[in-house]
Number of protein chains: 2
Amino acid sequence: MQFSKSTGYALHTLIHLAQAERGRYVGIKELASKQGLPESYLSKIMSKLRQDGIVRAVTGASGGYELARPGSEITFYDVISVVEGRQQMYECHAANEHQHELFAEADASGCECLVKKVMDGAERQMLDYLKQHTIQGVLDAASFSCSPEHRA
Amino acid sequence: MQFSKSTGYALHTLIHLAQAERGRYVGIKELASKQGLPESYLSKIMSKLRQDGIVRAVTGASGGYELARPGSEITFYDVISVVEGRQQMYECHAANEHQHELFAEADASGCECLVKKVMDGAERQMLDYLKQHTIQGVLDAASFSCSPEHRA
DNA sequence: CCTATTATAGACATAAGATATCCATAATAA
DNA sequence: TTATTATGGATATCTTATGTCTATAATAGG
């Protein structure tokens, strides 16, 4: 039950891009070396982010990546859905025919597995929170909470 | 980013135990067959739950398992922590020496990685929700939402 | 005491997914 | 034309989840 490393890589990379001056394309070398991780691997993650419209990519000399929209419009949820995939966190694997009758009345009444109901509720709490936090939000928090005044 | 099947097995099993009459020990055969899953595997999960004080076990003929405390005092959180382990869902793997200065001032000022801060917040939302839901709560919801009156 | 039953623990096997590497190709700027 | 850079596919490695098997210990009942 852990987020993959890829998720962390993606988030840190997007923050890096959000800090780059607008119009400049940042290459995979710079992005990877800043975090001390393999370029080829980060490439794949960036490729996903591009296919999902979170970043734009330009091939060729002086090419690279840039955010496809402002950091204030890229939520943690957006990023995580792409990298982790969109399956739900809980799947009920109990064999229906053996499962207790209380939890297996889906077709008749719409009464689904109540364990799943709770688990889905928990997931929703987390996702809602992630939807409320953006890449830009982290940068704003950083300039505040790490400012000399705040730290003094 | 999925809960393991083991978590589902554990939750369904505990609900089964909560429904058994008090003082009766339910054996692994019954618990496993109800869900259509291998006994040896469920054994291991039950063993963990016992070591963590969620169920009691009795060996020998007519032995088996029972809840160690009322279902109203066993939260989803309790169960999931045991089965999934207690590590946090997000670990920051960015190499500190390469990471952007904004997020690597932990020792000096207590200003930790702000990505992690958001991710930990998200996790907390989910765990709080899971702490508010109990095994007994599911049974109560079942007798209500699946009752003939409600379904009519 | 003997036997059947049941949980426990460890070793082992298998499958799946995450992480990573490598290479050939396409696109682009200079 | 050349150097640079992203892309995509194939492959390798490592870890974790899942599942199986066996020997052992504990207990109830005869």
Side-chain angles (χ1 to χ4, degrees), chain A residues 1-10 12-13 17 20 23-33 35-52 54-66 68 80 82-87 89-91 93-95, chain B residues 1-10 13 17 20 23-33 35-66 68 80 82-87 89-91 93-95:
Chain A
M1 193 50 183
Q2 290 234 144
F3 287 101
S4 66
K5 289 186 183 183
S6 299
T7 288
Y9 297 163
H12 282 279
T13 300
L17 289 179
R24 172 182 164 235
Y25 290 98
V26 184
I28 199 75
K29 265 187 196 134
E30 177 177 334
L31 294 169
S33 73
Q35 295 180 65
L37 53 92
E39 301 176 16
S40 347
Y41 191 51
L42 185 56
S43 280
K44 302 233 173 301
I45 299 171
M46 296 311 290
S47 197
K48 272 194 194 176
L49 292 175
R50 181 187 59 80
Q51 288 169 38
D52 216 80
I54 292 181
V55 301
R56 269 190 294 270
V58 173
T59 25
S62 80
Y65 301 92
E66 68 173 358
I80 291 170
V82 174
V83 179
E84 302 277 340
R86 290 179 172 87
Q87 359 78 20
M89 286 176 51
Y90 181 79
E91 295 288 333
H93 291 97
Chain B
M1 193 49 184
Q2 291 232 149
F3 287 100
S4 66
K5 290 187 184 181
S6 299
T7 288
Y9 298 163
T13 300
L17 289 179
R24 172 182 163 235
Y25 290 98
V26 185
I28 199 73
K29 266 189 195 132
E30 176 177 335
L31 295 169
S33 74
Q35 297 180 64
L37 54 91
E39 301 176 15
S40 344
Y41 193 50
L42 185 56
S43 281
K44 301 224 175 306
I45 300 170
M46 295 312 289
S47 197
K48 271 192 194 176
L49 293 174
R50 181 187 58 80
Q51 287 169 39
D52 217 81
I54 292 180
V55 301
R56 269 191 293 269
V58 172
T59 30
S62 81
Y65 301 92
E66 69 173 357
I80 291 170
V82 173
V83 179
E84 301 277 340
R86 291 178 172 89
Q87 0 77 21
M89 287 176 51
Y90 180 79
E91 294 288 333
H93 291 97

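Residue numbering restarts at 1 for every chain, and letters A, B, ... go by the order of the sequence lines.
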**Report entry** Euclidean distance, atom CD of residue A:Glu66 to atom C1' of D:dA6 [Å, nearest integer]
**Finding:** 14 Å

Query raised in the report: Looking at the side chain of A:Ser43, which of D:dT7, C:dA18, C:dA7 is the nearest nucleotide?
Result: D:dT7

Query raised in the report: Given atom NZ of B:Lys48 and atom P of C:dA9, what is their separation to the nearest angstrom?
Result: 13 Å

Report summary line: Here the distance between atom C1' of C:dT8 and atom CZ of B:Arg56, to the nearest Å, is 18 Å

Query raised in the report: Can you name the closest pair of heavy atoms from B:Ala10 and B:Val83 and give their distance?
Result: CB-CG2, 3.8 Å

Query - Sugar-phosphate only, base, or nothing, as touched by A:Tyr65 at under 4.0 Å among non-hydrogen atoms - result: sugar-phosphate

**Report entry** Nearest-Å distance for atom pair OH/C1', residues A:Tyr25 and C:dA29
**Finding:** 13 Å

Query raised in the report: Which part of the nucleic acid, if any, lies within reach of B:Gln51 when heavy atoms closer than 4.0 Å are counted: base, sugar-phosphate only, or nothing?
Result: sugar-phosphate

Requested in this report: Quick one: label A:Ser4 by what it contacts on the DNA or RNA (base, sugar-phosphate, nothing), any heavy atom closer than 4.0 Å.
Outcome: sugar-phosphate

**Report entry** Touch class at under 4.0 angstrom, heavy-atom based, for B:Ile28 against every strand present
**Finding:** sugar-phosphate

Query - B:Val58 or A:Thr7, whichever maps to the more 5' nucleotide of DNA chain C - result: B:Val58

Query raised in the report: Among C:dT21, D:dT18, D:dT5, which nucleotide sits nearest the side chain of A:Pro38?
Result: C:dT21

Report summary line: note: B:Glu39, atom CD; D:dT22, atom P; distance rounded to Å ~ 14 Å

Query raised in the report: For D:dT7, does OP1 or OP2 lie under 4.0 Å from any side-chain N or O of A:Arg50?
Result: yes

Query - Among D:dT7, D:dA28, D:dT5, the nucleotide that comes nearest once only the side chain of A:Ala57 is considered - result: D:dT7

Query raised in the report: B:Lys44 NZ to C:dC12 C1': how many Å, rounded?
Result: 11 Å

**Report entry** 4.5 Å side-chain heavy-atom contact, A:Met46 and A:Leu17
**Finding:** yes

Query raised in the report: Does B:Ser40 or B:Glu84 map to a spot on DNA chain D nearer the 5' end, using the closest nucleotide for each?
Result: B:Glu84

Report task. Report the distance from atom OG1 of A:Thr13 to atom CD1 of A:Ile28, rounding to the nearest 0.5 Å. Result -> 7.0 Å

Query raised in the report: Looking only at side-chain N and O atoms, does B:Thr59 come under 4.0 Å of OP1 or OP2 in C:dT5?
Result: no

Report task. Between A:Gly60 and A:Ser47, just flag the one whose closest nucleotide in DNA chain D comes earlier from the 5' side. Result -> A:Gly60

Query raised in the report: Taking the side chain from B:Ser47 and the backbone from B:Ser43, do they hold a donor-acceptor pair closer than 3.5 Å?
Result: no

Query raised in the report: Whole-Å distance between D:dA6 P and A:Leu17 CG?
Result: 11 Å

**Report entry** Smallest separation among heavy atoms of B:Ser6 and B:Tyr41, with atom names
**Finding:** OG-OH, 2.9 Å

Query raised in the report: Please give, in whole Å, the distance from D:dT7 P to A:Leu31 CG?
Result: 12 Å

Requested in this report: Would you classify A:Tyr9 as touching base, sugar-phosphate or nothing, given that sugar-phosphate means primed atoms plus P, OP1 and OP2, and contacts are heavy atoms under 4.0 Å?
Outcome: sugar-phosphate

Report task. Work out which heavy atom in B:Ser4 is nearest to a heavy atom in B:Glu84; give both atom names and the distance. Result -> N-OE2, 2.9 Å

Query - No-H, no-angle donor-acceptor pair, B:Lys5 side chain to D:dG19 base, under 3.5 Å - result: no

